[in-house]
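Presented below is the structure to which this report refers.
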Amino acid sequence: MMECMQGDAPQPCALDGLRVVDFGQWLAGPLAAMLLADHGADVVRVDPPGGRRWDSPADAIVNRGKRSIVLDLRTSADRRVARELIARADVVVESFRPGVMDRLGLGPRAMTAADPRLVYCSIPGFAHDDPRAALAGWEEIVAAATGVYTPSDVPLADHAPTPGGGDRPAYSPVTLASNVGAFVAATSIGAALVARERDGLGQAVEVALHDAMFEVVTNPATLPDSGFPAADHPRSDVQRAALSGGGTYRCADGRWIDFWPTRGKFMPWFAAEAGIEDWADDGLLDRARIVASPELLVELRRRLAELFLTRPALEWEQVGGRAGVPLAMHRSLAEWVGHEHARASGAIVAVDDPELGRTWQPGVAVTMSRTPAAPSPRRPLDGDREAI
């Protein structure tokens with residue numbers, strides 16, 4: 001039983017007693033299972049001979065809190081062990097292409113038939129009924145298929161035109177599809193477990209990374225035939241902020257801040273705290289006047305650029321905080337990991353990894369008053385074979 005600390009007294013974690021088998025590879029499957037392990041689930045991590053397919057330091061994070069066993073699912077003996085593990089589990093997580101686990105005799109239909117209480121979660125790149133189901137769910141492939149990119153005028157090669165014309169798409173370096181898929185999968189597993197408490201039956205759950213990406217669509221008016229009136233859709237927050245001088249500005253210390261006065265009242269609040277209330281005399285705090293006279297926006301941006309150069313970025317962040325407006329300095333990931341607030345709040349936690357030693361890892365984003373989560377280190381590869 002994993003113990004979660006409540007004050008000085010150990011308490012059972014929220015998912016204490018839940019047994020999970022994690023066959024996931026790469027990021028989405030292991031991350032979904034990690035979210036369960038952080039809350040006390042007993043997760044058995046199954047890896048192929050030779051070790052994990054994703055050889056990355058991030059493995060210390062996504063496989064923390066799990067027991068480890070190596071199984072060669074191509075052999076009948078190890079497939080038998082896998083079936084025995086599943087027979088004792090509440091939840092299975094796998095992230096192969098549709099049909100792979102079926103061919104091994106370990107698929108959702110067979111396993112839920114053998115144990116009707118089992119919650120079996122599959123996280124493929126594309127759903128089993130998608131024409132692209134056979135495609136591996138690589139991050140770039142899913143991003144391309146879901147249109148998660150912005151136009152870029154950077155050519156494919158020096159002076160070379162983009163094939164097909166138009167701008168070259170630029171993709172996010174963040175693994176959006178895998179992360180979103182993992183979060184949706186963990187939520188869906190929770191929903192299936194609640195349903196099992198009600199009627200005693202588990203079920204097969206499929207969370208395709210491609211489909212999960214549409215959970216993060218924020219402007220339905222941009223979708224074709226969506227039924228939303230695009231012409232009447234209100235301005236985006238970015239547009240509203242831009243009309244009040246919002247954007248990224250350099251400060252006196254060479255650092256940058258982001259300033260996003262999305263609401264009309266934010267600019268007067270900021271002006272009062274920054275000592276520039278007299279800008280109102282020139283119409284620079286009145287969004288309606290700026291919309292009517294675009295040259296005012298040019299002047300506002302010029303003055304803001306000069307203003308932000310008068311103080312260091314951290315001071316401007318504090319000004320924004322006192323004014324109650326969206327303003328933050330740019331911090332690197334390394335700065336955040338080492339920030340005293342991040343560590344004191346548990347947003348970043350120390351985990352003693354068996355391979356890397358002491359590491360600072362993302363904590364648990366959920367705060368629970370009675371059963372807080374308790375991240376623990378990953379185990380050495382195959383280190384729990386005898387116990388399992």
Side-chain angles (χ1 to χ4, degrees), residues 15-48 52-54 62-76 78-125 127-128 133 137 178 181-197 199-209 212 378-379 384-385 387-388:
L15 298 182
D16 176 54
L18 188 74
R19 307 182 84 169
V20 181
V21 183
D22 172 21
F23 293 97
Q25 291 294 328
W26 308 105
L27 178 56
L31 178 56
M34 182 212 82
L35 295 171
L36 305 179
D38 278 353
H39 287 281
D42 176 14
V43 181
V44 173
R45 167 81 192 155
V46 178
D47 278 301
R52 303 169 179 107
R53 292 184 177 178
W54 191 34
V62 297
N63 285 317
R64 68 189 185 194
K66 306 175 185 179
R67 296 192 287 160
S68 174
I69 188 171
V70 168
L71 296 177
D72 186 350
L73 298 181
R74 295 170 298 181
T75 68
S76 59
D78 279 4
R79 286 198 300 273
R80 184 170 60 252
V81 174
R83 282 193 293 272
E84 291 171 355
L85 287 174
I86 294 172
R88 296 197 295 267
D90 298 286
V91 176
V92 169
V93 176
E94 63 91 4
S95 55
F96 297 107
R97 286 171 291 175
V100 170
M101 290 295 272
D102 291 319
R103 291 192 290 273
L104 295 170
L106 302 171
R109 183 175 300 178
M111 294 298 96
T112 54
D115 178 8
R117 287 181 54 81
L118 180 68
V119 173
Y120 191 112
C121 182
S122 301
I123 317 176
H128 72 278
S178 295
F183 303 152
V184 174
T187 303
S188 302
I189 290 169
L193 290 170
V194 171
R196 189 179 76 168
E197 286 297 303
D199 54 32
L201 294 174
Q203 58 189 297
V205 177
E206 183 180 69
V207 179
L209 301 186
R378 65 175 167 175
R379 296 281 295 151
D384 301 290
R385 168 172 288 275
I388 293 172

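All values below were derived from every heavy atom in this structure, side-chain atoms included, with hydrogens, water molecules and symmetry-related copies excluded. Quick caveat, the model's predicted, so the values are computed rather than measured.
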With a 3.5 Å distance limit and no angle check, can you tell me whether [X] reaches the backbone of [Y] through a side-chain donor-acceptor pair?
X: Arg67; Y: Arg379; result: no
X: Glu94; Y: Met101; result: no
X: Asp78; Y: Asp72; result: yes
X: Arg19; Y: Asp90; result: no
X: Arg45; Y: Gly24; result: yes

Are a donor atom and an acceptor atom from the side chains of Ser95 and Gln25 found within less than 3.5 Å of each other?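 No donor-acceptor contact under 3.5 Å links the two side chains.
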Are the side chains of [X] and [Y] in touch, meaning some heavy atoms are under 4.5 Å apart?
X: Ile189; Y: Val205; result: no
X: Ile69; Y: Val46; result: yes
X: Leu15; Y: Val20; result: no

Looking at [X] and [Y], what are the two nearest heavy atoms and their distance?
X: Leu27; Y: Ser178; value: CD2-CB, 3.6 Å
X: Asp22; Y: Lys66; value: OD2-NZ, 2.8 Å
X: Ile123; Y: Ala185; value: CD1-CB, 3.6 Å
X: Ala87; Y: Asp115; value: O-OD2, 4.2 Å

Find the distance between [atom1] ([X]) and [atom2] ([Y]) and round it off to the nearest 0.5 Å.
X: Arg117; Y: Asp199; atom1: CZ; atom2: CG; answer: 9.5 Å
X: Ser76; Y: Leu104; atom1: OG; atom2: CG; answer: 12.0 Å
X: Leu118; Y: Arg88; atom1: CG; atom2: CZ; answer: 13.5 Å

Within a 6.0 Å radius of atom CZ on Arg385, are there more than 12 heavy atoms belonging to other residues, nucleotides or ligands? yes
